[in-house]
2 protein chains.
Amino acid sequence: MHSTAVENYLKHLFLEQNDDGEELVAMGRLASAVGVTPGTATTMVKTLAESGLLDYEPRGGVRLTPAGRKLALHVVRRHRIIETFLVKVLGLDWSEVHDEAEDLEHVISDRVLEKIDQILNHPERDPHGDPIPTARGTIDTAEHESLATYDAGTDVSVVRVLDQDPEFLQFLARHRLRPGQRVAIQGRDEVAEAMTLRPESGNPVTIGIGKAAKILVRAATDAAPERRES
Amino acid sequence: MHSTAVENYLKHLFLEQNDDGEELVAMGRLASAVGVTPGTATTMVKTLAESGLLDYEPRGGVRLTPAGRKLALHVVRRHRIIETFLVKVLGLDWSEVHDEAEDLEHVISDRVLEKIDQILNHPERDPHGDPIPTARGTIDTAEHESLATYDAGTDVSVVRVLDQDPEFLQFLARHRLRPGQRVAIQGRDEVAEAMTLRPESGNPVTIGIGKAAKILVRAATDAAPERRES
DNA sequence: ATCTACACTTTGATATATCAAAGTCAAGGT
DNA sequence: ACCTTGACTTTGATATATCAAAGTGTAGAT
């Protein structure tokens with residue numbers, strides 16, 4: 001099997017790449033995503049390129065091959081199912097499960113993974129709203145706009161949070177701003193770069209545009225179903 | 001933290017040592033328990049001795065220090081709680097959980113472990129009947145005699161199975177010979193080195209003395225309730 | 001056209017964990 | 001006393017994954 005390190009490079013490359021996966025991801029970006037120095041990433045990337053898991057253009061960057069993408073999706077699937085399991089079955093807080101899953105994703109067997117998936121009744125999204133790849137390697141690629149793009153007076157519901165910082169996640173939970181929850185945009189101040197939100201079942205709260213950009217939402221009137229792609 | 005390798009050496013040393021842990025375990029024995037060559041074990045053991053986790057007498061053997069024992073017990077606790085969890089919550093077969101737990105025991109955090117322990121309501125024994133060390137580092141050291149020491153005509157109940165071979169475990173399950181189940185010893189043939197058993201809810205079956213020695217039992221004459229169901 | 005800055009690659013080193021094979025010790029048999 | 005044997009240790013090598021620092025390539029600034 002593949003080492004933890006290999007799985008991590010592939011996973012982070014997948015998470016860094018653009019939707020189509022056609023564009024090269026710069027080495028520096030991959031290195032900092034994985035948490036290693038650029039030199040280390042260069043070495044590993046050469047190995048992965050030789051194994052046919054990614055294409056490497058020196059001084060250009062890297063891109064997953066179909067084989068690499070498949071493996072990356074499998075790692076992401078494990079990560080997100082584990083997170084869901086930790087929250088729904090073991091009752092951990094959603095702010096703590098990301099780090100736990102970082103380790104578990106590399107040792108959980110497929111047998112255990114599929115048991116968990118079954119117990120959870122094949123969830124489509126994890127507690128952060130991130131889509132869970134299927135066992136066959138497909139993933140929901142539906143795009144959502146960030147809260148930061150919406151104007152005052154709009155009603156939206158939270159779909160996904162692109163930030164794993166435990167303190168921020170605890171903040172969101174406290175203010176009823178988790179995926180699935182509705183929120184009205186009460187005000188937006190371009191000068192202060194802040195938005196004031198009124199969560200359906202919480203008190204008004206003001207957050208910066210930077211953090212708002214990490215919260216993906218959809219118009220609350222909209223009920224469009226989502227589509228999957230291979 | 002300690003590496004997977006370190007945890008494995010300590011765990012296996014704990015499992016190989018005698019009850020009091022006073023006697024030295026020979027290097028060759030440790031090496032084959034861990035699954036490495038003797039030279040590898042020598043190298044690692046020197047490191048562990050320097051860390052104060054075990055005492056090493058060259059050409060004599062090794063023995064856990066109190067610090068090493070504490071760590072070993074923690075690893076064993078993780079292993080056995082995970083096994084119990086995999087059977088009771090995820091519904092895996094008791095014959096497959098040992099190998100699964102071998103990997104998981106090194107990455108499960110204490111936070112997750114204690115959640116699982118709580119969900120399982122602090123089990124005292126794992127699916128094989130092995131006692132689970134407590135979080136405080138104590139372990140049930142009750143001794144049980146093996147089935148091989150009993151004579152024909154005795155009624156016993158299975159307490160513990162000292163064998164992780166999946167095929168043997170499946171065999172035992174098929175014949176209703178799991179921990180908590182009762183069995184009458186119908187016959188014993190010293191020449192054939194075989195015993196014929198009549199499980200309470202199964203058909204008679206004959207097993208060799210060697211395998212019978214792996215099954216620990218207690219006399220079933222008293223009405224002492226066994227907490228195990230399923 | 002050249003310079004400069006930054007991103008990237010290369011190089012040399014470290015840490016961990018392992019094995020194969022050579023060397024060594026010690027206990028028991030002769 | 002000596003040899004043999006088997007268990008153990010030592011040595012030299014490999015694989016993986018990493019970093020720091022030196023070297024290099026390239027694209028935009030002057």
Side-chain angles (χ1 to χ4, degrees), chain A residues 1-18 23-64 67-68 71-72 75 102-107, chain B residues 1-14 16-18 23-64 68 71-72 75 102-107:
Chain A
M1 254 281 99
H2 297 93
S3 68
T4 293
V6 166
E7 290 190 346
N8 272 331
Y9 278 89
L10 295 175
K11 179 186 73 171
H12 282 115
L13 179 48
F14 175 81
L15 296 176
E16 290 297 318
Q17 80 186 354
N18 284 345
E23 274 173 43
L24 289 170
V25 172
M27 291 302 291
R29 198 161 151 210
L30 211 212
S32 79
V34 175
V36 296
T37 59
T40 302
T42 298
T43 309
M44 177 57 101
V45 151
K46 283 179 181 172
T47 309
L48 297 180
E50 271 181 20
S51 310
L53 295 169
L54 48 77
D55 293 327
Y56 171 44
E57 295 184 11
R59 290 174 199 279
V62 282
R63 172 195 304 122
L64 288 172
L71 237 157
V75 178
E102 287 287 309
D103 292 330
L104 289 167
E105 70 190 15
H106 306 295
V107 297
Chain B
M1 259 316 273
H2 298 93
S3 69
T4 292
V6 166
E7 290 190 348
N8 272 331
Y9 279 88
L10 295 175
K11 179 185 71 173
H12 283 116
L13 179 49
F14 175 80
E16 291 298 315
Q17 79 186 358
N18 286 344
E23 275 174 42
L24 289 171
V25 172
M27 290 302 290
R29 196 160 153 215
L30 212 213
S32 79
V34 175
V36 296
T37 58
T40 302
T42 299
T43 309
M44 177 57 103
V45 150
K46 283 178 180 172
T47 309
L48 297 180
E50 271 182 19
S51 310
L53 296 169
L54 47 77
D55 292 327
Y56 171 44
E57 296 185 9
R59 290 172 200 279
V62 282
R63 173 196 303 120
L64 286 172
L71 238 156
V75 179
E102 287 288 309
D103 292 330
L104 288 167
E105 71 191 15
H106 306 295
V107 297

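The figures that follow rest on heavy atoms only: side chains count, while hydrogens, waters and symmetry mates do not.
In this entry the distance linking NE2 of A:H12 with P of D:dA17 reads 16 Å, nearest Å. Between the P atom of D:dC19 and the CE atom of A:M44 lies a distance of 11 Å, rounded to the nearest Å. In this structure, B:R29 places its CZ atom 20 Å from P of D:dG6, rounding to the nearest Å. Between the P atom of C:dT18 and the NZ atom of B:K46 lies a distance of 16 Å, rounded to the nearest Å. Per the geometry, CG belonging to A:L24 stands 11 Å off P belonging to C:dC8, to the nearest Å. Rounded to whole angstrom, the span from the CG atom of B:L30 across to the P atom of C:dA17 amounts to 15 Å. Nucleotide C:dT9 holds its C1' atom 5 Å from the CZ atom of A:R59, rounded to whole Å. Put simply, CE on B:M27 is 8 Å from P on D:dC8, counting in whole angstrom units.
Within 4.0 Å (heavy atoms only), B:S3 reaches sugar-phosphate atoms of the nucleic acid but no base atom. When heavy atoms are screened at a 4.0 angstrom cut-off, B:A26 is found touching the sugar-phosphate backbone but no base atom. B:G39 comes within 4.0 angstrom of a nucleotide base, judged by non-hydrogen atoms across all strands.
No side-chain heavy atom of A:V25 sits less than 4.5 Å from a side-chain heavy atom of A:R63. Between B:T40 and B:M44 there is no side-chain heavy-atom pair separated by less than 4.5 Å.
Counting all heavy atoms, side chain and backbone alike, A:A67 lies closest to A:G52 at CB-O, 4.0 Å.
Taking 4.0 angstrom as the limit, A:T40 places none of its side-chain polar atoms (N or O) nearer than this to OP1 or OP2 of D:dT18. Close to D:dT18, at under 4.0 Å from its OP1 or OP2, lies a side-chain N or O of A:Y9.
In summary, the side chains of A:H106 and A:E7 do present a donor paired with an acceptor at a separation below 3.5 Å, with no hydrogens or angles considered.
Closest contact between the side chain of A:A5 and the listed nucleotides D:dC19, C:dC19, D:dA17 involves D:dA17. Listed nucleotides: D:dT18, D:dA20, C:dC8. Nearest to the side chain of A:V36: D:dT18.
Screening B:V45, B:L64, B:L48 for a side-chain contact (heavy atoms from CB on, under 4.5 Å) involving B:L53 leaves a single residue, B:L48.
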